[in-house]
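As C-alpha cells, the structure follows; a few thoughts come after it.
Hydrogens, waters and symmetry mates play no part in the numbers below; they use all other heavy atoms, side chains included.
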Number of protein chains: 2
Amino acid sequence: MKRKVTLKQIARELDVSISTVSKALRNSIEISEDTRQKVKAFAKLYNYRPNNIALSLKNRKTKTIGVIIPEIVHHFFSNVIRGIEQVANNRGYNVIIGLSNESFSKEVINMEMLANGSIDGFILSISKETLLRQDYHHFNETINQGMPIVLFDRAVEEINCDKIIVDDVKGSKKAVEKLISNGCKNIGIITTKDYVSVGRLRTQGYIAALEDSKIHPKASLILKIDVELDSEDHLEDLENEIEQFFNNNKHIDGIFAVNELYAITAMKVARKKGIKMPDKLQIIGFTDGVLSKHATPSLTTVSQHAQKMGEKAADLLIDRLELDIDNEVEEEHYKTIVIETELIERESTK
Amino acid sequence: MKRKVTLKQIARELDVSISTVSKALRNSIEISEDTRQKVKAFAKLYNYRPNNIALSLKNRKTKTIGVIIPEIVHHFFSNVIRGIEQVANNRGYNVIIGLSNESFSKEVINMEMLANGSIDGFILSISKETLLRQDYHHFNETINQGMPIVLFDRAVEEINCDKIIVDDVKGSKKAVEKLISNGCKNIGIITTKDYVSVGRLRTQGYIAALEDSKIHPKASLILKIDVELDSEDHLEDLENEIEQFFNNNKHIDGIFAVNELYAITAMKVARKKGIKMPDKLQIIGFTDGVLSKHATPSLTTVSQHAQKMGEKAADLLIDRLELDIDNEVEEEHYKTIVIETELIERESTK
DNA sequence: TTTCAACACGAAAACGTTTTCGTAAATAAT
DNA sequence: ATTATTTACGAAAACGTTTTCGTGTTGAAA
C-alpha cells in the first residue's frame, strides 16, 4: 500500500527544494527545462496529485458547494440535485449534501456543520418546520458571514439573497384555467396549509383563475391538508380525508392538486368510487414526477423543470462566488429568477 | 459583514498567544481559570468556530465520505443515500455526492476529484458502462492508496473490499416461487443483458425456481432488454419490445420483472391488451419504489431495503475508518453483508 | 578586471489548527 | 537563602500547498 506522495517527498527524493518541485509542476519559467522534466517524470511515476485540503486552506476556498434539501427521496428534489451536480461538476465544483428531513433543528445543525469552512456557498430549500416557525436567523447569519446562499423553490422574503423560484401562482392559474376551458363547473383544490408557501401561492392561483372566470370560490371546495399526512405512513389518513372531501362535494368535476401525491391519491379515491376519468372528473397535478407519467390514467401536470432549477441555482451561486473574488465590492444586487412552468397534458384531462 | 473569526484574531485582541487561546477553548488545565473564562467569553461573543479545513489538514482526515452513484433520480438510490446520510450524520460525518450517470469516464473523473484528500472513504455502486468494460483499475488504485471503499448493490469479485449486497438470486427465486404456487404455468421474465450483474443474478434465480419445480425454462419466455432503453426517452421502444414479447407468448400468465420500470411497463401493455390482472396475469417486480405502491393494480414486489443498505454501508465504512486509526495493522479482512429481501404482496398477484 | 543582467533555485511566510516542549515567575520545601 | 516544584503561558513545528523575495552563479557587457 503506497500512500499518497507529497511535494515534500518528491523534493527529498530529487534533492531539490519544495518550491522547486511546486514551480516545476506548474511550469514556472524560473525552473530550468532540465529539472522541470525530471520533476514531472517523477511526479507522473508516483501519480502525484495536489492535496485538495491543503489547496483549500491556502486559497481560502473549497470549490465545494453545500446543498441542503428537506428530503431526497423525492422526484423533484433529486432532479434539482441532478441539475446542480451537473453544472457544478462542469465548473469544477463538488457538491456536498445535507438533508433537513423537514426539521428545523436538522437544518440548523447541517448548516453549521458545513458553514465552518467546508464549503464556499449554499444552495437550499427551506424545511417545512422552519417555514412554520418563521425563524430564519441561521440563514441571515450565514449570509452575514460572507457565505452566499441561493434559495430555490421554497423561498421567503425575509431572507436577502439570490432565489430561483417557480411562478406558482401563474402555473396554478394556467392549470385551473385549463380545467375551466375543458368545461369543469365545480373545481376543487387539494392543497397544504397556508404556511407552506408553495401551497399558499398555488391556492392563490386557483382562486385567481376562478375569479377571472367570474366563478365564486367556495370554501368547501378547498381542502387544506396537514403536512403530517404527507409521509408515506399516513397514506390512509390522507385517503380518508380526500374521500370525505368527495363526499362533501358530490358535483365536483375537476380537481387541481398542489402536488403529485395528492393528485395520485385523489385519482385512487375517485377510481374506488367508480368515477370515470377524465369523463366525469378531470385532474391536474403539480410537479412532473414519475408517478404522473406512469399513472392510469396518466396525469396532466404542471412541470416545474426541476433539473433546470438546479442548473440555474448552481450557475447563480458559482457566478456570485467567482464575482466576489475579482470584485470585492459589495455588489449586493440579489437576483430572483423565475422558472416558467409548463402544462403537460396527459390522459387525466380531456 | 463580519468575516469568520480565527484563533489568531482572538489572540491578538486579548493579547495572548494563539496556543493559549486554543488551549483555553479546549479546557486545558495549563490555562488559568481566569484567562480561560476571558477567552471563552470572547469566542462566544464573536461566535468562533474552528475552521474545518484547517482541522482536516492537521488531522489528515476530513470526516467526510464520498458517495458515487450512477443516478440520483431513482427511488432506490435516493433511498440508499438517505440511509447513508442518516448514519453518517449521526457519527459526525458529511456526505459528498458524485453522479456517474452510468458512464465510465464520469465515474473515474469523479473519483479522482474526491480522492485527493477531500474525503476519507468511498461508498459506491458501479456504473453500467464500467460493468460492461470490466475495467476496475480505478477502484483498485484507490484502495491501494489506502482509501477504503464500500461497494453496494452492484459489486464485482474483482474488487477487494467491503460489500453490501442483496441476495438477488434468492429474492428472485422467492418471487418466482410465489408465482408458481399461485398457479402460474407460463412465467416469463423481463430482465437486462447479462453484463448487468443484478440482471444476470435475478435471471439465475428465475431459472432456479423453475427448475426446482421441474419446469423447463423456455428461451422465448426470457426477454433481455438493452440498457439503452432504460432511459425515459426510450419508453416507447421499451413498450414495443414488451408488446412483442406478449405477442410471442400468448399463454403467458405470470411475469417477473427485474426492476420497477419493466414491471410497470409490462402492466401498461397488458392493460392495453385487455389482460386482466391479477386474474389472467400476475406480475411481480423488483425494488420497492413509489411506482409499485401507487400503480393500479398496486404491484407485488421484492423489496431490497434500500435505506438499510445505505445505513449498513455507512456503518461499515466508518467502522473501518475508525479502526484503521487505532489499529494500523493491515486488518484486510473484508466483509460482504447480504441484506435479506422481502416479498411485499399487493394487488398484482392473487 | 569590474559591473550587470539573466538564470535557477531556496528560504520563508501564509492559510488555521493542535500539540509538544521549553521557560519565566511564583510558590513551596529545605 | 537556596533549591525544587508548580503554575501559566509562549514558541515552534506540523499538516501540504503556493508565492514572494532574496541570492549565488553564470555569462556578457563595459
A:Ile18 has its side chain closest, among D:dC9, D:dT17, C:dG10, to D:dT17
What is the distance, rounded to the nearest whole Å, between atom NZ of A:Lys61 and atom P of D:dT18?
13 Å
Enumerate the residues from residues 39-60 of chain B whose closest heavy atom to DNA chain D is under 4.0 Å, giving them by residue number; use none for an empty result.
B:Leu57, B:Lys58, B:Arg60
Any idea how B:Phe76 and B:Phe152 line up, ring-wise: parallel (<30°), tilted (30 to 60°), or perpendicular (>60°)?
tilted
Would you tell me whether A:Asn27 and A:Lys40 have side-chain atoms, one donor and one acceptor, within less than 3.5 Å of each other?
yes
In whole angstroms, how far is the C1' atom of C:dT17 from the CZ atom of B:Arg26?
9 Å
Answer yes or no: does a side-chain N or O of B:Ser19 lie under 4.0 Å from OP1 or OP2 of D:dA12?
no
Nucleotide of C:dC9, D:dA8, D:dA11 approaching B:Ser32 most closely (side-chain heavy atoms):
D:dA8
Atom CZ of A:Arg36 and atom P of C:dC9 are separated, to the nearest Å, by 10 Å
Within this structure, what is the CD1-to-P distance between B:Ile29 and D:dC9, rounded to whole angstrom?
13 Å
A:Lys106 and B:Glu85 ion-paired at < 4.0 Å:
yes
For the side chain of B:Lys163 and the backbone of B:Ile159, is there at least one donor-acceptor N/O pair under 3.5 Å apart?
yes
Protein-nucleotide distance (B:Glu30, atom CD; C:dT23, atom C1'), rounded to Å
12 Å
When all nucleic acid strands are considered with a 4.0 Å heavy-atom cut-off, which category describes B:Ser22: base, sugar-phosphate, or nothing?
base
Let me have the donor-acceptor pairs involving side chains of residues 113-122 of chain B, under 3.5 Å, with sequence neighbours excluded, atom names and distances please.
unit_1	atom_1	unit_2	atom_2	d
B:Asn116	OD1	A:Lys4	NZ	3.1
B:Asn116	ND2	B:Glu112	O	2.8
B:Ser118	OG	A:Asn52	ND2	3.0
B:Asp120	OD1	B:Thr62	N	2.7
B:Asp120	OD1	B:Thr62	OG1	2.9
B:Asp120	OD2	B:Thr62	N	3.2
B:Asp120	OD2	B:Lys63	N	2.8

Give, ordered by number, those residues of residues 6-17 of chain B having at least one heavy-atom distance below 4.0 Å to an atom of DNA chain D; if nothing qualifies, reply none.
B:Val16, B:Ser17
Have B:Ser17 and B:Thr20 got a donor and an acceptor in their side chains that come within less than 3.5 Å?
yes
Under 3.5 Å donor-acceptor, B:Glu71 side chain and B:Glu102 backbone:
no
I need the single residue from B:Asn101, B:Ile81, B:Ile126 that forms a side-chain contact (heavy atoms from CB on, under 4.5 Å) with B:Ile69. Which is it?
B:Ile81
Check: D:dG16 base within 3.5 Å donor-acceptor of A:Lys4 side chain
no
With under 30° as parallel and over 60° as perpendicular, where do the rings of A:Phe104 and A:His137 fit, or are they tilted in between?
tilted
In this structure, how many angstroms lie between the P atom of C:dT19 and the CD1 atom of B:Ile31, rounded?
13 Å
Rounded off to whole Å, could you give me the CG-to-P distance for the B:Asn116 and D:dC15 pair?
18 Å
note: A:Lys23, atom NZ; D:dT18, atom P; distance rounded to Å ~ 12 Å
